[in-house]
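One structure is given here, and the rest of the page talks about it.
Just so it is clear, the model here is predicted, and its values are computed rather than measured. Computed from heavy atoms alone, side chains included, the values below leave out hydrogens, waters and symmetry copies. To find a chain, count down the sequence lines: A is the first, B the second, and so on, and within it residues start at 1.
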There are 2 protein chains.
Amino acid sequence: MTQASSSPALAQTDQRLPLHARVKDDLIRRVRANEWGSTTPLPPESALAEAYAISVGTLRRVLAELAADGILERHQGRGTYVRRATFQHSLFRFFRMQGGTGQTPGSRILERNTQNAPAHVAAALNVKEHSAVLHLHRLRLWQDTPFLIENIWLPLPQFQPIAEISLDELGSLLYPEYEKRIGLIIGSATEELSVTQATDGQAVLLNCISGDPLVKINRTARTHTGDVAEYRESHGLASSFRYQVEIN
Amino acid sequence: MTQASSSPALAQTDQRLPLHARVKDDLIRRVRANEWGSTTPLPPESALAEAYAISVGTLRRVLAELAADGILERHQGRGTYVRRATFQHSLFRFFRMQGGTGQTPGSRILERNTQNAPAHVAAALNVKEHSAVLHLHRLRLWQDTPFLIENIWLPLPQFQPIAEISLDELGSLLYPEYEKRIGLIIGSATEELSVTQATDGQAVLLNCISGDPLVKINRTARTHTGDVAEYRESHGLASSFRYQVEIN
DNA sequence: AAGTGGTCTAGACCACATA
DNA sequence: ATGTGGTCTAGACCACTTG
């Protein structure tokens, strides 16, 4: 007996792919569509398997892969949940912050203004050149010592609420503000590391000498659907930066 | 019917762990022990499952995990193989080498001598300070342009054969030479990235100005058993370095 | 006690590589 | 043609969490 037609839930997936791959694609789509908040569990294995008209074994395989990919979290007895982005692997983590443990760094907003997007910002944000963007210039501090200069660009009018709230409310963490003010959740990001030399202005802010090597980190942050929501350029003292990788 | 005792093959593994974890541990041990060269396949699923006295399904789960971890490679119809370290993810890859595709960079040995290990080298190689080590000083070239300075330290007497062969034979790739001359296979490595400024000597070799920012990469390479086999420090022009990560 | 995911089994059938 | 891994199923039993 061959399987003449599969579950309607899989209508939009590529029929040439094996079942487990099609189910995985569909679940990723549903997670991106925000079908489950991070506090509501996915349906149990049995229900999902029935809905997709596949066996529990096959579904389990898919869920295990999604958990391995960091998209889901599974807890025996509690359920399966969508994993919130933690950005544990951001390159920022590798600036050595002397003497502290797990506290969040402080931050001071130096400037907030509306700009016409410069070419490279427009390209990163995927908007037209010279279109209106919100620009934040921010200094991050560790125990009152500045260690990172950030320039952040956000597309308008989408981020207009961020342009209007008081600077005090733009506390150290921006992503929770995006979520609270405009219901936008950052799902992933790409970071690129390169090395530059401090300009006069940067030297003053970072308390170093003009020309000192800086590590520059460009981050493009996206929503679950893949739309670019934020672009930022950060500069920190290269002397306090260490990055380690395992290779196999 | 309960399973009174498991396969003798699992005698050395932790009995509190689930079966699949114990089998995985044992297979990792056997891979490290070099039981299968990279050209001889592992026994087929059916044989392995029988040897461990577990079902094929459970064994398949273990093999899939090992493949996901990059330890094994599986090919439908051909078999399961131990994966050779390719070092595709080495940080070296991120020096932008203008205009070339997949060719290997050239290399020129500037010096080869025997030293008493300086403190930081001894620490990295896990040998006593001042013990004898072989030191290689090498320049790596891309289309006849130098882009990387390497200093490599190898413990003696283990690497004595490398001290004796002609410099011509120390071609661009060292790891195949280690394998051929002393039967030593590099299985993994740790790399650490930091930023320095060019000394006068480095500036001459890299054709830059003294004080220019350099990217420094320290690599500690290990055998399958985890013993440190090589330590190297490499310096390249920061201006030609770009490194990109995805974060979730 | 009920419901969740975790472990393990047994076997059918398919797709690919090699000789 | 044979043997390899890949897909998928069906179901038993266990461990953990919560009310």
Side-chain angles (χ1 to χ4, degrees), chain A residues 1-7 9-10 13-27 36 38-69 71-83, chain B residues 1-7 9-10 13-27 36 38-69 71-83:
Chain A
M1 187 68 170
T2 59
Q3 184 176 334
S5 74
S6 52
S7 151
L10 294 178
T13 59
D14 190 335
Q15 303 206 346
R16 297 165 303 182
L17 263 38
L19 256 185
H20 66 86
R22 298 177 64 191
V23 171
K24 186 174 180 179
D25 286 349
D26 191 63
L27 282 173
W36 305 284
S38 56
T39 57
T40 49
L42 271 65
E45 296 179 341
S46 52
L48 274 178
E50 194 177 357
Y52 282 115
I54 61 173
S55 78
V56 183
T58 302
L59 182 80
R60 279 190 58 76
R61 171 177 167 175
V62 173
L63 294 179
E65 283 176 15
L66 289 170
D69 293 347
I71 295 174
L72 298 179
E73 270 177 321
R74 314 199 73 196
H75 304 280
Q76 192 170 7
R78 287 207 282 125
T80 302
Y81 296 81
V82 175
R83 228 188 71 171
Chain B
M1 185 66 169
T2 59
Q3 183 178 334
S5 73
S6 52
S7 150
L10 294 177
T13 59
D14 190 335
Q15 301 206 346
R16 297 164 303 180
L17 262 38
L19 256 186
H20 66 86
R22 298 177 63 191
V23 171
K24 186 173 180 180
D25 287 348
D26 191 63
L27 281 173
W36 305 284
S38 56
T39 58
T40 48
L42 272 65
E45 297 178 339
S46 54
L48 274 178
E50 194 177 0
Y52 282 115
I54 61 174
S55 78
V56 183
T58 301
L59 182 78
R60 278 189 59 76
R61 169 176 170 174
V62 173
L63 294 179
E65 283 176 14
L66 290 170
D69 294 347
I71 295 174
L72 298 179
E73 266 178 321
R74 314 200 72 196
H75 303 281
Q76 191 170 10
R78 286 208 283 125
T80 302
Y81 296 81
V82 175
R83 226 188 73 171

**Request:** Compare the minimum distances between each of C:dT9, D:dG6, C:dG5 and the side chain of A:T80, then state the nucleotide with the smallest one.
**Result:** C:dG5

**Worked verdict on B:I71 versus B:V82 for side-chain contact (heavy atoms from CB on, under 4.5 Å)** = CA-CA 6 Å; B:I71 295 174; B:V82 175; 5.7 Å; no

**Fill in**
Assign each of A:T58 and B:L63 the nucleotide of DNA chain D bearing its closest heavy atom; nearer the 5' end lies the nucleotide of B:L63

**Message:** List the residues meeting side chain to side chain contact (heavy atoms under 4.5 Å, CB included) with A:A68, not counting sequence neighbours, and say none if there are none.
**Reply:** none

**Request:** Would you kindly give the CG-to-P distance between A:L19 and C:dC13, to the nearest whole Å?
**Result:** 17 Å

**Request:** Measure from the side-chain heavy atoms of A:R60 and tell me the nearest of D:dC8, C:dG6, C:dC8.
**Result:** C:dG6

**Request:** Using atom CD of A:E65 as one end and atom P of D:dC8 as the other, report the distance to the nearest whole Å.
**Result:** 11 Å

**Message:** I want to verify a distance call: between C:dG6, C:dA10, D:dT7, whose nearest atom is closest to the B:S55 side chain?
**Reply:** C:dA10

**Complete:** B:E73 meets the side chain to side chain contact (heavy atoms under 4.5 Å, CB included) criterion, sequence neighbours left out, with B:H75, B:R83

**Asked** What's the closest nucleotide to the B:H20 side chain, out of C:dG5, C:dC8, D:dG5?
**Response** C:dC8

**Request:** Would you please name every residue forming a side chain to side chain contact (heavy atoms under 4.5 Å, CB included) with B:A47, sequence neighbours left out?
**Result:** B:P43, B:P44

**Message:** Suppose we screen for side chain to side chain donor-acceptor pair (under 3.5 Å). Which residues come up paired with B:S55, at least two apart in sequence or across chains?
**Reply:** B:T58

**Asked** Within this structure, what is the CD-to-C1' distance between A:E45 and D:dT9, rounded to whole angstrom?
**Response** 15 Å

**Asked** So does B:S46 get a side-chain nitrogen or oxygen closer than 4.0 Å to the phosphate oxygens (OP1/OP2) of D:dG3?
**Response** no

**Prompt:** Taking only residues two or more places apart in sequence or in another chain, which ones pass side chain to side chain contact (heavy atoms under 4.5 Å, CB included) with A:E45?
**Reply:** A:V56, A:L59, A:R60, A:L63, A:R74

**Nearest-0.5 Å distance that lies between atom NZ in B:K24 and atom CG in B:D26** = 13.5 Å

**Item:** Spacing between B:E50 atom CD and C:dT9 atom C1', to the nearest angstrom
**Value:** 15 Å

**Request:** Report the distance from atom CZ of A:R16 to atom C1' of C:dA15, rounded to the nearest whole Å.
**Result:** 17 Å

**Asked** Out of D:dT7, C:dC8, C:dT4, which has the shortest distance to the side chain of A:P18?
**Response** D:dT7

**Asked** Roughly how many Å is it from CG in B:L72 to P in D:dG6, rounded to a whole number?
**Response** 11 Å

**Message:** Could you tell me how far apart A:E73 (CD) and C:dG6 (P) are, to the nearest whole angstrom?
**Reply:** 12 Å

**Message:** Output the rounded distance in Å from CG (A:L59) to P (D:dG11).
**Reply:** 16 Å

**Message:** OP1 or OP2 of C:dT7 versus the side-chain N and O atoms of B:R61: is any pair under 4.0 Å?
**Reply:** yes

Short heteroatom pairs, N/O only, protein and nucleotides 15-19 of chain D, under 3.5 Å:
| from | atom 1 | to | atom 2 | distance (Å) |
| --- | --- | --- | --- | --- |
| D:dA15 | N3 | A:Q76 | NE2 | 2.8 |

